[in-house]
Participant: 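Handing you this structure, nothing more for now.
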Amino acid sequence: MTVRTRFAPSPTGYLHIGGVRTALFNWLFTRHHGGQFILRIDDTDQQRNVAEALAPILHGFRWLGLNWDEGAEVGGPHGPYHQSQKTARYQEAARQLVECGFAYYDYATTEEIAGEREAAEKEKRSFVYSRRWMAATPAERARFEAEGRKGVLRLNMFREGACRFTDLIRGDVSVDWAREQDHVIQRADGTCLYHLASVVDDEDMKITHVIRSEEHLSNTPRQIFIAQGLGYELPQYAHLPYVAAPGGKEKLSKRKIAQYLKNPEFKKVYEHGHAIAEAVGLHTSADTFNPVIVDFYEQVGYLPDAILNYLVLLGWSLDDKTEFFSRDEMIRLFSMERVNKAPASFDPKKLFSFQERYMMQLPVEEKTAMCLPYLQKAGLVAAGSVEVTAKVKAMVAAAGDRLKVAGDILEYRDFFLPDDQVVDNADPGTFEKRLKKPPEAAGLLRKFRDRLASATAFDAASLEALMNDFVQAEGIQVGQIIHAVRVAVTGKAVGFGLFETLALLGKEHSVARIDRSLERL
RNA sequence: GGCCCCGUCGUCUAGAGGUCUAGGACACGGCCCUUUCAAGGCCGCGACACGGGUUCGAAUCCCGUCGGGGUCACCA
């Protein structure tokens with residue numbers, strides 16, 4: 001039997017990180033077993049602008065490299081893959097349920113149902129619909145309709161016995177049928193609801209394993225009821241623990257961003273990303289730009305592999321030591337048996353540390369390609385000429401491990417700014433400490449400047465040799481000059497290695513910046 | 001509130017009765033390296049929710065308590 005799984009987002013306009021974790025587990029399980037992964041669109045609720053709300057989700061999947069074999073945009077033999085296009089099919093299934101006695105027409109108003117519910121609550125018993133407005137025959141239907149009532153279709157749920165099934169993660173599950181309501185499966189206007197649609201689709205698409213978040217655990221009995229009523233063979237179920245909020249246990253939600261921002265680590269990751277987004281002129285409302293949404297990571301310049309590696313560890317582990325997995329390793333090693341039952345909270349700082357590691361391993365060429373667009377969007381370089389690419393590549397090489405995400409290249413924008421501007425914006429405290437205060441600084445800097453001006457080679461190694469000669473000739477410690485030069489040339493106390501910095505700047509700019517600094521002393 | 005689920009360092013986790021004075025990772029603190037920063041190296045801090053059983057022996061099994069969470073739609 002070929003394993004077939006699905007992820008079924010509704011078009012909400014964004015891709016939630018918890019959703020990705022669920023999708024990832026589906027994807028890994030499927031790839032591990034050599035099956036097919038289907039991306040179905042749950043849009044029964046007839047939203048407007050489905051295409052628009054769907055685009056970011058599909059884009060996110062593609063960016064992450066979670067490919068699907070059938071579904072939205074790619075099609076396949078078991079379509080359509082949009083629930084909105086299967087209205088007739090669901091109605092047919094609903095009719096079949098009525099015929100077999102698993103569903104009935106009901107004419108209660110919303111208020112009447114609410115009234116029964118309140119009464120039950122008042123008497124402290126659990127609510128079960130009385131079926132007072134149930135229409136068992138066509139004649140009764142006609143009578144209710146003559147009163148002007150509108151009929152919906154409800155499940156004719158069992159009122160005794162228990163629903164039992166085995167969940168791949170939670171083990172044997174048993175729920176009394178009496179706890180289940182006569183859920184509505186079709187509205188008065190003929191449109192069908194999620195549970196019916198979902199069960200029918202799983203059948204039509206030959207889904208063998210329903211792997212989803214545990215919020216759906218309580219939906220399972222009613223879906224089993226529908227499936228059995230329709231004579232379908234049941235899929236295997238696996239209910240994953242949900243992804244919890246940073247430092248908490250409640251479900252991760254994009255709306256609670258304000259609360260998460262009180263968590264210092266979350267805040268740090270958010271602000272780091274925010275600064276980059278601002279610099280490239282991105283619209284950053286908390287609604288769309290937010291570490292709970294995958295798009296955040298793409299905008300800031302994270303690596304998809306790092307994100308997936310972090311996410312696979314949220315509720316799954318191989319052993320007591322292994323933390324890094326390539327995609328192939330993940331696929332090979334993943335198993336549902338090692339999925340945890342307890343929710344795992346989302347820790348953006350740990351995600352960031354995976355990002356750091358993956359970034360370190362990335363070849364300079366690839367980092368350069370990732371960084372270039374940020375410099376372009378920030379208006380610092382023109383679109384990729386050979387010279388620009390070469391310069392950025394040299395910067396990326398000099399930056400080494402300092403670039404944690406691609407957008408970090410913007411921290412080094414000073415290389416593209418006018419010399420005077422950089423010097424004039426020098427950090428006052430640093431300028432004071434390294435240039436003004438030490439009595440010998442100005443003199444040494446002037447002499448060093450002259451050496452630079454007459455240097456014949458301006459690569460990092462030659463500059464280091466030049467520095468060594470200078471230090472020896474003057475009989476000073478390297479620390480007496482090197483900090484002064486750094487500040488004179490960058491206005492800052494921190495940055496790349498000094499010789500790389502000078503080489504990157506070139507002789508002309510290096511000397512110009514020193515001159516400008518000397519003027520300000 | 002009913003029903004259900006979960007409970008090992010702050011966080012992600014290893015742990016299926018003795019190998020646990022509970023292991024790894026992130027974060028945090030300290031030291032070292034060092035032209036700054038980053039990286040790296042070393043060290044440290046830090047958990048079996050609690051109470052009863054069962055057993056020669058329990059983080060592991062059972063019961064209870066407490067705590068946290070999910071879910072109770074003509075949403076998906």
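Here is how names work: the chains are called A, B, and so on, in the same order as the sequence lines, proteins then strands, and each is numbered from 1. Just so it is clear, the structure is predicted and the values come from calculations on it, not from any experiment.
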Participant: Expressed in angstrom and rounded to an integer, what is the separation of A/F352 atom CZ from B/rA39 atom P?
Facilitator: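 A/F352 atom CZ is separated from B/rA39 atom P by 10 Å.
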
Participant: What's the verdict on salt bridge (charged side-chain N to carboxylate O under 4.0 Å, His left out) for A/D182 and A/R159, showing C-alpha distance, side-chain angles and the deciding distance?
Facilitator: CA-CA 10 Å; A/D182 289 357; A/R159 297 235 160 135; 3.2 Å; yes

Participant: B/rU71 and B/rA76: how far apart are their P atoms, nearest whole angstrom?
Facilitator: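 Roughly 15 Å separates the two P atoms.
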
Participant: Base, sugar-phosphate, or nothing: which does A/G495 touch, judged by heavy atoms less than 4.0 Å apart?
Facilitator: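 Answer is base: heavy atoms of A/G495 come under 4.0 Å of a base.
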
Participant: Checking all strands, does A/R40 fall into the base, sugar-phosphate, or nothing category for heavy-atom contacts under 4.0 angstrom?
Facilitator: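 Answer is nothing: A/R40 stays at 4.0 Å or more from every strand.
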
Participant: What interatomic distance, in whole Å, is found between C1' of B/rC42 and the corresponding atom of B/rC33?
Facilitator: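 That atom pair is separated by 11 Å.
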
Participant: In whole angstrom, give me the gap between the P atoms of B/rC56 and B/rG64.
Facilitator: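 My reading of the P atoms in B/rC56 and B/rG64 gives 24 Å.
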
Participant: Any idea which of B/rA27, B/rA14, B/rA76 is nearest the A/R187 side chain?
Facilitator: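 Nearest listed nucleotide: B/rA76.
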
Participant: Distance check: side-chain N/O of A/K341 vs OP1/OP2 of B/rC6, anything under 4.0 Å?
Facilitator: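 Answer yes for this pair, as a side-chain N or O of A/K341 is under 4.0 Å from OP1 or OP2.
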
Participant: Nearest heavy atom decides the nucleotide; on that basis, is A/S126 or A/N340 closer to the 5' end of RNA chain B?
Facilitator: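 Its nearest nucleotide being more 5', the pick is A/S126.
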
Participant: Using a 4.0 Å heavy-atom cut-off across all strands, classify A/R357 as base, sugar-phosphate, or nothing.
Facilitator: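 Counting heavy atoms under 4.0 Å across all strands, the contact made by A/R357 is with sugar-phosphate only.
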
Participant: Does a side-chain N-to-carboxylate-O contact under 4.0 Å join A/R451 and A/D469?
Facilitator: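 The answer is no: the pair does not qualify as a salt bridge.
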
Participant: So if I apply the side chain to side chain donor-acceptor pair (under 3.5 Å) rule between A/H183 and each of A/H195, A/R222, A/R154, which one comes out positive?
Facilitator: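 That would be A/R222; it is the only one of A/H195, A/R222, A/R154 passing the side chain to side chain donor-acceptor pair (under 3.5 Å) with A/H183.
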
Participant: Please classify the nucleic acid contact of A/M467 as base, sugar-phosphate, or nothing, using heavy-atom distances under 4.0 Å.
Facilitator: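 Here A/M467 touches no strand at all.
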
Participant: Take A/Y270 and A/Y260 through the test ring pair (Phe, Tyr, Trp, His ring centres under 6.0 Å) and record every step on the way to the result.
Facilitator: CA-CA 10 Å; A/Y270 172 77; A/Y260 304 157; over 10 Å; no

Participant: A/H216 NE2 to B/rC72 P: how many Å, rounded?
Facilitator: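 Rounded to the whole Å, the gap is 10 Å.
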
Participant: Reading RNA chain B from 5' onward, which residue's closest nucleotide shows up sooner: A/L313 or A/K321?
Facilitator: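 The answer here is A/L313.
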
Participant: Taking the C1' atom of each, how far is B/rU13 from B/rC6, in whole Å?
Facilitator: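 My reading of the C1' atoms in B/rU13 and B/rC6 gives 16 Å.
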
Participant: Which part of the nucleic acid, if any, lies within reach of A/E356 when heavy atoms closer than 4.0 Å are counted: base, sugar-phosphate only, or nothing?
Facilitator: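 Here A/E356 touches the backbone only, sparing every base.
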
Participant: Can you check the distance between B/rC3 and B/rG18, where both ends of the measurement are the C1' atom (answer in whole Å)?
Facilitator: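 Pairwise C1' distance, B/rC3 against B/rG18, rounds to 39 Å.
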
Participant: Indicate the atoms forming the closest heavy-atom contact of A/E160 with A/W177, along with that distance.
Facilitator: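 For A/E160 versus A/W177, the nearest heavy atoms are O-CD1, 3.5 Å.
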
Participant: A/Y310 has an atom OH; how far is it from atom P of B/rU13, in whole Å?
Facilitator: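 Taking atom P of B/rU13 as the reference, OH of A/Y310 is at 8 Å.
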
Participant: When the C1' atoms of B/rU19 and B/rA27 are considered, how many whole Å apart are they?
Facilitator: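 Approximately 30 Å lies between the C1' atom of B/rU19 and that of B/rA27.
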
Participant: Taking the P atom in each of B/rG51 and B/rC43, what is the distance between them to the nearest angstrom?
Facilitator: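 About 34 Å, rounded to a whole number of Å.
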
Participant: Quantified in whole Å, what is the C1' atom distance between nucleotide B/rG15 and nucleotide B/rG24?
Facilitator: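 Result for the C1' pair: 12 Å, nearest Å.
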
